Protein chains: 2
Amino acid sequence: MPITRNVSDEDETESESSSAVDAVLAQIRAMIVEGGLKVGDKLPTERELCERFNSSRNTVREAMRMLKAFGVVEVRPKVGATIVDQRMNRAFDLFAFNVTEISRQTFDDIQGFRELIETGSVTQIFAAVTPENLIELREINREMVRAKSVIEASEQDLRLHTRLVTLIGNKSILDIYRIMTPVILRIMQRGKTRRIIEGETYREHQAILDALERRDALAFQYLMRTHLRAGLSTFEEE
Amino acid sequence: MPITRNVSDEDETESESSSAVDAVLAQIRAMIVEGGLKVGDKLPTERELCERFNSSRNTVREAMRMLKAFGVVEVRPKVGATIVDQRMNRAFDLFAFNVTEISRQTFDDIQGFRELIETGSVTQIFAAVTPENLIELREINREMVRAKSVIEASEQDLRLHTRLVTLIGNKSILDIYRIMTPVILRIMQRGKTRRIIEGETYREHQAILDALERRDALAFQYLMRTHLRAGLSTFEEE
DNA sequence: AAGTTGATTCTTGGTCCAACAAATGAGTCG
DNA sequence: CGACTCATTTGTTGGACCAAGAATCAACTT
């Protein structure tokens, strides 16, 4: 019997994907789901998967590579592949992989989204904030003006906003912010150079934190909106 | 001029990843960025990348596999690899790859996020909605009750909400909704069986659309919040 | 003669195989 | 108890072949 077994044999119940790698990927995935494998469990060895799926080792490895890229498995030499769930981190890597320039449209959309979140969650933020939080937030704001470079200042700026979002207590929203971090940073570093240096951003932050401290929802929302839109105006100058 | 630069040379500024595949991946990425390659451009052939990076073909292929998993390149036989930007679709696939069960916490977070978006964007939605939109939305709602299965009904339910979110006119938010689609669907299909059948969801949708039609922001926000939280209560019954 | 069509060849990704290197867990011996 | 050896497993390499598509060219038709 020749070695070249055809992929599309009898065991091809699903996904006649016309690609051996995709087929193996689907089968491994089915094995995870139907086998009820949970995070922390181990997958069979590569060679075992080879003979189980009638595939070559390279094919199995490429499928494993995709699982790794998806953040579903973590594989170490000798110890094998264990199931994990780092898809959020993968999504983060995804957006850090910059190939295209940020368009004006993307800029508007991201800022609009932030406005929605950061002004809309005023109730939750007010309910959760503690005096210690305020001290920390003001300290971050001071670190921003002490920053040596625009890049560093942007990171502190975003850190302050992210810290505020953390107070909402919603992990999904925080995850989204984490995913968007690279894009937001690029947006900040593009348009805010002068504003940060001139201290406008610092003073706006201070006003927002003051409103937060005295639980003035209307002021908080108004100042936050103005603050976010100010970055918007500097973008279109160029 | 010899092209064969050694991998571990001076240009290894980042990611001395101790992995040949990661090294090749970083180099290809650097080639894209520094070469100013845009979407639509073509990458060199695999064999050319082999000798340029002094790597084996399998190594290059595994690196290419990751680029494909990232949605950065699209590779077709004979024609080679072309640069694309389908990272949003990849992120979508990422979250469709379910390995873990939805926790109560995730459920709360997602619903909280939706509440923030769908009640917070009332101004934009009111400004954008047209009579045709309303007709379409009501039609989707009717299709939901005509649905044969819970799965189909859930899809129509989410379709209505997604259509509403589309009216915001913010592509980033829409992207996030698309990414979350699989998770939201699983949430819906878990808790809403009885509610959909009994027509509660339909009537709540109708009330929301009525408020939308007469531009009653307060009613819209209140009804939407109640509607979203209703699904929350059915979740904890089990 | 020009255009079309068909076959042929060549390129290129897709898959497989065999082998070696490196890492590491496990067993063994001092 | 510790150091050492060994076997297993992933990481990497090089080579081989196949299939499909692009390119080229010859033959045929109009």
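Not measured: the values here are computed from a predicted model. Lettering of chains follows the sequences in order, A, B, ..., and the numbering in each one begins at 1.
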Could you grab the distance from atom CG of B/Asp22 to atom OG1 of B/Thr59, nearest 0.5 Å is fine? 11.0 Å

With no hydrogens and no angle check, do the side chains of B/Asn58 and B/Glu62 hold a donor and an acceptor under 3.5 Å apart? no

Select one nucleotide: of C/dC16, D/dT12, C/dG13, the one nearest the side-chain heavy atoms of B/Glu46. C/dG13

Counting any heavy atom closer than 4.0 Å, what does B/Arg47 reach on the DNA or RNA strands: base, sugar-phosphate only, or nothing? base

Checking only heavy atoms, does the side chain of B/Arg65 share a donor-acceptor pair with the base of C/dG14 at less than 3.5 Å? no

A/Glu51 atom CD is separated from C/dC16 atom C1', nearest whole Å, by 16 Å

With a 4.0 Å cut-off on N to O distance, would you call A/Arg146 and A/Glu139 a salt bridge? yes

Closest to the side chain of A/Ser56, out of C/dT12, C/dC16, C/dG14, is C/dC16

Roughly how many Å is it from CD in A/Glu62 to C1' in C/dG13, rounded to a whole number? 10 Å

Between B/Asn58 and B/Lys78, the residue closer to the 5' end of DNA chain C by nearest nucleotide is B/Lys78

Can you tell me how far P of D/dT8 sits from CD of A/Glu48, to the nearest Å? 14 Å

Rounded to the Å, how far apart are B/Asp22 CG and D/dT12 C1'? 13 Å

Phosphate OP1/OP2 of D/dT13 contacted by B/Thr59 side-chain N/O (<4.0 Å): yes

How many whole angstroms separate atom NZ of A/Lys42 from atom P of D/dT9? 11 Å

Ion pair check, B/Lys38 and B/Asp41, cut-off under 4.0 Å: no

Closest of C/dT15, D/dT13, D/dG11 to the A/Arg61 side chain is D/dG11

Please state how far atom CZ in A/Arg57 lies from atom C1' in D/dT8, giving the value in whole angstrom units. 11 Å

Starting from P on D/dT13, measure out to CG on B/Leu49 and report it in whole angstrom. 14 Å

Salt bridge or not between B/Arg87 and B/Asp85? Use side-chain N to carboxylate O under 4.0 Å. yes

Nearest nucleotide by nearest heavy atom, which residue falls closer to the 5' end of DNA chain D, B/Pro77 or A/Leu43? A/Leu43

B/Arg76 near the nucleic acid: base, sugar-phosphate alone, or nothing, with a heavy-atom cut-off under 4.0 Å? sugar-phosphate

